[in-house]
Amino acid sequence: MLPKFKPAGDSAIAIIFGNEISEEINKKVHAVAETIEHASPEWLVEVVPTYTSVYVYYDPIRISYSEIAEALKPFLSAGPKKEEKRIVKIPVVYGGTFGPDIEFVAQYNNLTIDEVIEIHSKPLYRVYMLGFLPGFAYLGGMDDRIATPRLEKPRLKVPAGSVGIAGKQTGWYAIESPGGWRLIGRTPLKTFDPHKKPPSIIKAGDYVKFVPISEEEFQEIYKDEWGEER
């Protein structure tokens with residue numbers, strides 16, 4: 001499928017590479033985004049890769065919308081680079097007060113809690129993009145056997161590090177926020193720190209491996225990460 005161009009406001013254009021979430025398309029998205037960023041044309045403001053598209057924000061004083069698509073065409077031939085697979089391990093204590101919805105996820109899918117934990121922690125999840133909230137990772141690769149609908153009424157406050165499921169997606173809340181995902185566990189890691197560079201411990205293109213831990217291990221790691229006891 002040839003990429004399509006679509007206006008995204010008065011100073012942005014979207015380069016759309018497809019409409020399905022796939023690792024192949026996502027690798028192409030990041031290759032083109034990196035090529036544009038590296039070239040750094042004078043009209044460029046920002047490049048934002050998503051699952052299947054690249055959003056290019058430009059200075060409308062320097063270039064018009066009618067010119068931007070033509071200016072971007074030379075970058076479209078960029079091919080996915082051979083990635084060095086960076087795997088980030090995310091320790092998770094599953095269930096209990098840390099994952100109050102894990103029993104619902106198990107019952108909804110006719111599984112035991114142990115089976116939910118095994119299925120959830122088995123894959124390597126690709127980080128397709130970061131967004132929605134600071135440090136929030138959109139992961140691909142969750143097993144459909146544990147897919148579960150969101151809460152009908154979102155929680156007003158979800159603790160940072162909470163790991164959840166929403167439909168066919170999984171991920172964690174890098175900061176405390178409202179949220180409607182089914183919570184199945186929590187990581188003690190401080191995965192987002194605005195005072196660090198980079199602020200997030202992961203980036204798009206990384207792979208995530210969830211590692212089950214005990215509550216005792218959680219408390220030890222939490223104290224080291226946050227400088228306090230939970």
Inset, instruction - Would you check if the side chain of S66 reaches a backbone N or O of S64 as a donor-acceptor pair within less than 3.5 Å? - result: no
Legend entry - ILVMFWY network linking V45 to I15, side-chain heavy atoms under 4.5 angstrom: no
Inset, instruction - Heavy atoms only: give me the nearest I175-P134 pair and the separation to one decimal. - result: CD1-CD, 3.7 Å
Legend entry - ring-ring contact (aromatic ring centres under 6.0 Å, His included) partners of F5, counting only residues at least two apart: none
Inset, instruction - State yes or no: do V211 and I165 share one hydrophobic cluster built from I, L, V, M, F, W and Y residues joined by side-chain heavy-atom distances below 4.5 Å, directly or via other members? - result: no
Legend entry - V93 reachable from I119 in the ILVMFWY side-chain graph, under 4.5 Å edges: yes
Legend entry - Heavy atoms from other residues, nucleotides or ligands near NZ of K209 exceed 12 (cutoff 6.0 Å): yes
Legend entry - Any pair counted as salt bridge (Lys or Arg N to Asp or Glu O under 4.0 Å), so long as it reaches residues 157-170, sequence neighbours left out: none
Inset, instruction - Check whether any side-chain heavy atom of I13 sits under 4.5 Å from a side-chain heavy atom of Y65, and report yes or no. - result: yes
Inset, instruction - Report the distance from atom OH of Y138 to atom CE of M129, rounding to the nearest 0.5 Å. - result: 5.5 Å
Legend entry - Distance (rounded to the nearest 0.5 Å) between S121 OG and I213 CD1: 12.0 Å
Legend entry - Considering all heavy atoms, the nearest N109-A147 contact: OD1-O, 3.1 Å
Legend entry - Full working for side chain to side chain contact (heavy atoms under 4.5 Å, CB included) between Y94 and I102: CA-CA 8 Å; Y94 286 92; I102 197 168; 4.1 Å; yes
Inset, instruction - Start with the C-alpha gap between E215 and F98, add the side-chain angles, then the distance that decides, and say whether side chain to side chain contact (heavy atoms under 4.5 Å, CB included) holds. - result: CA-CA 9 Å; E215 289 193 24; F98 298 94; 3.7 Å; yes
Inset, instruction - Please go through L151's hydrophobic cluster and name the other residues, only I, L, V, M, F, W, Y counting, with side-chain heavy atoms under 4.5 Å joining them. - result: none
Inset, instruction - Any chance you could measure F218, atom CZ, to R186, atom CZ, to the nearest 0.5 Å? - result: 4.5 Å
Inset, instruction - Determine, step by step, whether T50 and N26 satisfy the side chain to side chain contact (heavy atoms under 4.5 Å, CB included) criterion, reporting the C-alpha distance in whole Å, the side-chain angles of both residues, the deciding distance to 0.1 Å, and the verdict. - result: CA-CA 8 Å; T50 70; N26 192 246; over 6 Å; no
Legend entry - Sequence-distant partners of K203, salt bridge (Lys or Arg N to Asp or Glu O under 4.0 Å), two or more places apart: D206
Inset, instruction - Please tell me if the side chains of T170 and H120 come closer than 4.5 Å, counting only heavy atoms from C-beta onward. - result: yes
Legend entry - side chain to side chain contact (heavy atoms under 4.5 Å, CB included) against P41, all qualifying residues, sequence neighbours excluded: A39, W43, L44
Legend entry - E217 to S214 - nearest heavy-atom pair and separation: OE1-N, 2.8 Å
Legend entry - ILVMFWY cluster, Y108 and V116 together (side-chain gap under 4.5 Å): no
Inset, instruction - Kindly compute the distance separating CD1 (I184) from CD1 (I113), expressed to the nearest 0.5 Å. - result: 11.0 Å
Inset, instruction - Go through K27 and E23 one step at a time and tell me if the salt bridge (Lys or Arg N to Asp or Glu O under 4.0 Å) criterion holds. - result: CA-CA 6 Å; K27 285 182 177 180; E23 190 165 330; 3.5 Å; yes
Inset, instruction - Could you check if a side-chain atom of I16 sits within less than 4.5 angstrom of a side-chain atom of K6, using non-hydrogen atoms only? - result: yes
Inset, instruction - Treat each ILVMFWY residue as a node, draw an edge where side-chain heavy atoms are under 4.5 Å apart, and state whether I117 and L111 are in one component. - result: yes
Legend entry - salt bridge (Lys or Arg N to Asp or Glu O under 4.0 Å): pairs with one or both residues in residues 65-77, sequence neighbours excluded: E70-K73
Legend entry - Sequence neighbours excluded - salt bridge (Lys or Arg N to Asp or Glu O under 4.0 Å) pairs with any residue from residues 97-111: D101-R155
Legend entry - salt bridge (Lys or Arg N to Asp or Glu O under 4.0 Å) contacts in which one or both residues fall within residues 129-148, not counting sequence neighbours: D143-R145
Would you be so kind as to tabulate the donor-acceptor pairs closer than 3.5 Å made by side chains of residues 51-59, with sequence neighbours excluded?
residue: Y51; atom: OH; partner: Q169; partner atom: NE2; Å: 2.7
residue: T52; atom: OG1; partner: G18; partner atom: O; Å: 3.3
residue: D59; atom: OD1; partner: I61; partner atom: N; Å: 2.9

Legend entry - Within 45° cone of F104 ring axis and under 6.0 Å: R182 NZ or CZ: yes
Inset, instruction - Would you please name every residue forming a salt bridge (Lys or Arg N to Asp or Glu O under 4.0 Å) with E42, sequence neighbours left out? - result: R62
Inset, instruction - Could you tell me if the ring centre of F210 sits under 6.0 Å from that of Y125? - result: yes
Legend entry - Results of ring-ring contact (aromatic ring centres under 6.0 Å, His included) for F75 - residues two or more places apart only: none
Inset, instruction - First locate atom NZ of K28, then atom CG of L76, and finally report the distance between them rounded to the nearest 0.5 Å. - result: 7.0 Å
Legend entry - Any pair counted as ring pair (Phe, Tyr, Trp, His ring centres under 6.0 Å), so long as it reaches residues 144-168, sequence neighbours left out: none
Inset, instruction - Calculate, to the nearest 0.5 Å, the distance between atoms CD1 and CD1 belonging to I202 and I87 respectively. - result: 13.5 Å
Legend entry - L189 backbone acceptor or donor facing E225 side chain under 3.5 Å: no
Inset, instruction - State, to 0.1 Å, how close S200 and G135 come at their nearest heavy-atom pair, and which atoms those are. - result: OG-CA, 4.3 Å
Legend entry - Any donor-acceptor N or O pair under 3.5 Å, side chains S162, W172: no
Inset, instruction - Could you check if a side-chain atom of P199 sits within less than 4.5 angstrom of a side-chain atom of D193, using non-hydrogen atoms only? - result: no
Legend entry - Polar side-chain atom of T187 near backbone of P91 as donor-acceptor pair, under 3.5 Å: yes
Inset, instruction - Give a yes or no on whether the backbone of E216 and the side-chain of Q219 come within a donor-acceptor separation of less than 3.5 Å. - result: no
Inset, instruction - I would like to know whether W181 and F136 meet ring pair (Phe, Tyr, Trp, His ring centres under 6.0 Å); could you show each step before the answer? - result: CA-CA 13 Å; W181 290 39; F136 192 97; 5.4 Å; yes
